[in-house]
Amino acid sequence: MFGATGDLAQRKLLPGLLHLSCSKLAPEMRVIGTSLDEIDSDAFRKLAQKACKEFAHHKVTDELCEQFISNLTFVPQQAGPEALASAVAEQTEALGGDDVRLLHYLSVPPKAVLSVMDTLHKADLAENSRVIMEKPFGVDLESARDLNKAIHERFDEEQIFRIDHFLGKEAAQNILAFRFANGLFEPIWNRQFIDHIQIDVPERLTVENRAQFYEAVGAFKDMVVTHLFQILAFVAMEPPTELASEAISSEKNKVFRSMRLLDPSQVVRGQYRGYRDMPGVSPESDTETFIALKCEIDNWRWAGVPFFLRTGKGLAEGQRIISIAFHEPPRSMFPPGSGVGQKGPDHLTFDLADVSRMSLSFYGKRPGPGMKLDKLSLQFTMEETGHAGDVLEAYERLILDAMRGDRTLYNTAEGIERLWEVSAPLLEDPPPVRSYDIDSWGPNAVHPLIAPRAWRLPFERGWRGKK
Ligand code: BG6
């Protein structure tokens, strides 16, 4: 694990590996950490123990936790490739030799990726191994192509696992189950029945201590070109020929190829007030902390159905929803004042929270005389099933898949390059950033962007059941 003392390692990777190891979902493993910190294995174990205590999603007995922690080792990066090679040899031996596979997790900044890959070659740890890489995968089409070329000079594409943790969320995978395991919804999953789709991921957190990183990235590259577009592909893709990596990637890539290039006039960029005063941020910063945009998919299924995407920091609520809005009936026989249509169209909503939820909202009659209509809903939450405790945190699921060589929930080089191509007009000619207040819903210009429709959030009624 490169970057083993970093934030992601502490919050997600070490606690995730702890669970995979203790639950026996993963094969027996040894974790060797490395980073620029000059610490020894004991200090790394202490750090890992603290991280697991603070961030583990699943309860683990002290004994199992202790066992996992005691098997961790650390090699400072300065010790060089030989030291890494001998640590790996030692742990390989401890695991019993020949069947051992290597999985390298590169939790490092982009500028360090290629040199880490070179280190792996120098240490003779590249052959037959797998490599998980973190975003960003370039910052535009040209840099993404260069990066992929440089990676392919060092590893085969089959060895590379480009992670997008949104695809590891249980609820994201449930979109595939929902669409393709049921006869009810797929027949209406198209332009004839669907008016528009929203993928809305407001976040309450501001950029806080990540300002320096964020300043060079912004909401579009941090969230949209990565997570939101990947989710869009799951929502929009055609049924794959099988539930297998190549078939699914191929359908996702078809969606990306059908996407129209982004139109900067259909994009609203925002920046929360106070962002420019943060340490590491330029006083004239043009980085967006908020973005909303309209996307179009130019194929038979989706022609004329806009996809509205929105995400931002420092907003009024933290939510991650996909909302499918159906067409309204062509004519209404209900009397004026009945309330029909007044609360928006019928919606199917997916909540991408760890404990996922879904809801189908529709109009129904309010009890009593006359014909007054209310918006009602059918709701499902994973909490009710008794399986909520089995939900794997996104990184757990994805690391386990990489251990098994399953790339179904990973990105491809081709898909990523196409997404940068789609994004090019926006990157070349971004609209100006508009200010918004922290705890608001972003700049007012988001409303004309979606008009005559309306943003689904904030919800009129909360989800039922446990939060
Ligand atoms: C990360 C982004 O990839 O995803 C963060 O860099 C963002 O800025 C995070 O907050 C959101 O992930 P999640 O799983 O908390 O919704």
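Whatever order the structure lists ligands and atoms in, that order sets their numbers, starting from 1. On a predicted model such as this, the values are computed, not experimentally measured, just so you know.
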Query raised in the report: Any side-chain heavy-atom pair from Phe2 and Ser107 closer than 4.5 angstrom?
Result: no
Report summary line: Pocket residues around ligand 1 (non-hydrogen, under 4.0 Å) come out as Lys135, His165, Phe166, Lys169, Glu203, Arg210, Asp222, Met223, His227, Lys313, Arg320
Query - salt_bridge(Arg320, Asp351) N-O dist < 4.0 Å - result: no
Query raised in the report: When you check the gap from the basic side-chain N to the acidic O, do Asp222 and Lys135 get nearer than 4.0 Å?
Result: yes
Query raised in the report: Any ion pair linking Arg145 and Glu421 (charged N to carboxylate O, less than 4.0 Å)?
Result: no
**Report entry** Plane angle bin for Phe155 and His121 - parallel if under 30°, tilted between 30 and 60°, otherwise perpendicular
**Finding:** tilted
Query raised in the report: Taking atom CG of Asp62 as the centre, does the number of heavy atoms from other residues, nucleotides or ligands within less than 6.0 Å exceed 12?
Result: no
